[in-house]
Amino acid sequence: MAHNNHTHLHGQDLPKVLQLLPNPCFALVEANSSHKFHFLKAWASPLPQDQFLETHAGSVQVLLSSSIGPPITAQILHLLPSLKLLVTISAGLDHVDLAECRARGVAIASASKIFAEDVADVAVGLLLDVMRNISASDRFVRDGFWVSKGDFALGSKIGGKRVGIVGLGNIGLEVAKRLEAFGCNILYNSRKKKPFVSYHFFPDVCELAANSDVLVICCGLNAQTHHMINKKVLLALGREGVIVNVGRGAIVDEKEMVQCLLRGEIGGAGLDVFENEPYVPKELFALDNVVLSPHQAALTPECFTALRELVIGNLEAFFSNKPLPSQVENN
Ligand SMILES: O=CC(=O)O
């Protein structure tokens with residue numbers, strides 16, 4: 001095809017990066033690197049997605065994705081036989097068919113290192129809030145009850161509490177570091193014992209719950225962790241026990257958790273993630289021992305800037321055959 005628009009021709013010649021859906025973070029990436037990469041937007045094409053992918057099947061080596069929106073399925077990967085790299089702007093990988101990526105030799109770069117500190121801050125914030133009644137106290141004061149009713153219910157001390165971290169990855173380690181400074185005793189459950197930490201390891205999550213005052217869920221969602229925090233684990237955590245979830249909603253059996261909270265079988269919950277977002281079980285709205293947050297633990301402007309740089313770094317590394325800055329293991 002003859003091109004007389006030089007800039008346009010130049011753009012077409014740049015390495016291609018595919019996006020299936022619009023995303024504010026992809027827009028930031030593009031704003032800073034449109035001179036280096038040609039961003040193909042399936043969502044902006046009049047063609048149906050499958051047809052758009054077929055049109056570019058031979059040339060697309062990189063796909064940008066996020067955990068919001070439709071998953072990266074075997075069917076999508078099948079339509080992209082030249083794909084070599086999936087860059088996801090999430091820490092979680094539960095939206096990706098990892099086995100299919102493995103089978104096709106598609107490398108994955110994620111954002112888990114970037115989000116770890118911010119997510120850990122929110123995990124600790126939720127823990128403090130539930131245990132010291134911060135949000136509930138705020139409502140108490142605003143509603144004028146300090147004047148009309150007097151004292152508010154006591155919270156419990158943070159120092160000395162046994163905190164069981166489920167998933168000692170980037171996020172879990174940051175949670176542990178922060179809560180150690182509060183004087184908590186850190187325990188954990190993970191796929192494998194970590195040789196580089198001295199925290200007590202529990203191979204069984206139910207045992208961990210039975211030995212913890214608080215469980216902080218920091219692991220990824222996969223077939224093994226789906227509903228891993230079931231009724232048995234919740235009952236083992238016990239009447240005073242608090243659950244904090246900054247992983248994925250479906251790691252906890254949400255229906256059982258709601259029942260346990262309603263029956264007083266666990267002490268409280270601080271939740272940034274839910275099974276059916278953005279829908280939150282309504283029963284939770286009336287509970288003062290529950291703190292709710294709209295899956296925003298990772299969302300800070302600082303994080304977005306770092307994320308933009310990380311994505312561009314991965315794209316540059318890939319197209320110049322260098323090691324990827326944030327490749328994840330997919331064995
Ligand atoms: O939930 C957010 C993420 O996985 O990054």
Side-chain angles (χ1 to χ4, degrees), residues 19-29 63-73 85-98 101 107-127 165-175 190-191 216-229 243-252 254 269-280 291-315 324-330:
Q19 308 169 1
L20 299 178
L21 279 181
N23 181 293
C25 185
F26 298 169
L28 279 181
V29 169
L63 172 61
L64 271 187
S65 86
S66 93
S67 59
I68 303 160
I72 307 300
T73 57
L85 173 64
L86 174 73
V87 180
T88 180
I89 58 165
S90 60
L93 300 175
D94 47 297
H95 60 298
V96 180
D97 188 327
L98 294 173
C101 284
I108 301 168
S110 86
S112 86
K113 286 208 174 94
I114 284 188
F115 290 155
E117 293 180 355
D118 292 306
V119 175
D121 289 345
V122 169
V124 172
L126 289 170
L127 183 153
I165 297 183
V166 180
L168 202 67
N170 292 321
I171 297 169
L173 284 168
E174 291 295 334
V175 172
S190 213
R191 268 171 298 189
V216 185
I217 314 303
C218 302
C219 61
L221 173 63
N222 54 44
Q224 287 76 46
T225 63
H226 183 264
H227 283 191
M228 177 171 67
I229 308 301
I243 185 146
V244 171
N245 192 359
V246 290
R248 284 288 182 267
I251 297 165
V252 179
E254 194 170 76
L271 308 167
D272 185 51
V273 287
F274 303 87
E275 276 208 75
N276 185 26
E277 295 173 7
Y279 302 101
V280 173
V291 178
L292 305 167
S293 161
H295 197 153
Q296 63 175 9
L299 307 183
T300 63
E302 290 87 347
C303 224
F304 279 166
T305 309
L307 191 53
R308 179 191 72 199
E309 295 310 310
L310 184 74
V311 171
I312 295 174
N314 277 295
L315 298 179
L324 302 170
S326 67
Q327 182 161 2
V328 291
E329 278 182 37
N330 181 20

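Atoms within each ligand, like the ligands themselves, are counted from 1 in listed order. If you read the sequence from its start, that first residue is 1, and numbering goes on from there.
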Colleague: Side chain of Glu277, backbone of Phe274: donor and acceptor closer than 3.5 Å?
Modeller: yes
Colleague: With only distance considered, is Arg248 within less than 3.5 Å of ligand 1 through an N or O on each side?
Modeller: yes
Colleague: Mind listing the closest non-hydrogen atom pair of Cys218 and Val246 along with its distance?
Modeller: SG-CG2, 4.3 Å
Colleague: Looking only at distances, please establish whether an N/O atom of ligand 1 is found under 3.5 Å from an N/O atom of Ser90.
Modeller: no
Colleague: Enumerate the atoms of ligand 1 whose separation from the nearest heavy atom of Phe115 is less than 4.0 angstrom.
Modeller: 5 (O)
Colleague: Tell me: protein heavy atom nearest atom 5 (O) of ligand 1, and distance?
Modeller: Ala91 N, 2.6 Å
Colleague: With the side chain counted from C-beta on, respond yes when Leu271 and Glu254 share a heavy-atom pair under 4.5 Å apart, and no when they do not.
Modeller: no
Colleague: Distance under 4.0 Å to a non-hydrogen atom of His295: what atoms of ligand 1 satisfy this?
Modeller: 1 (O), 2 (C)
Colleague: Are the side chain of Ser326 and the backbone of Ser110 linked by a donor-acceptor contact shorter than 3.5 Å?
Modeller: yes
Colleague: Taking both backbone and side-chain atoms of Ile89, is any N or O found less than 3.5 Å from an N or O belonging to ligand 1?
Modeller: no
Colleague: Is there a side-chain contact between Leu64 and Val87, using heavy atoms and a 4.5 Å cut-off?
Modeller: yes
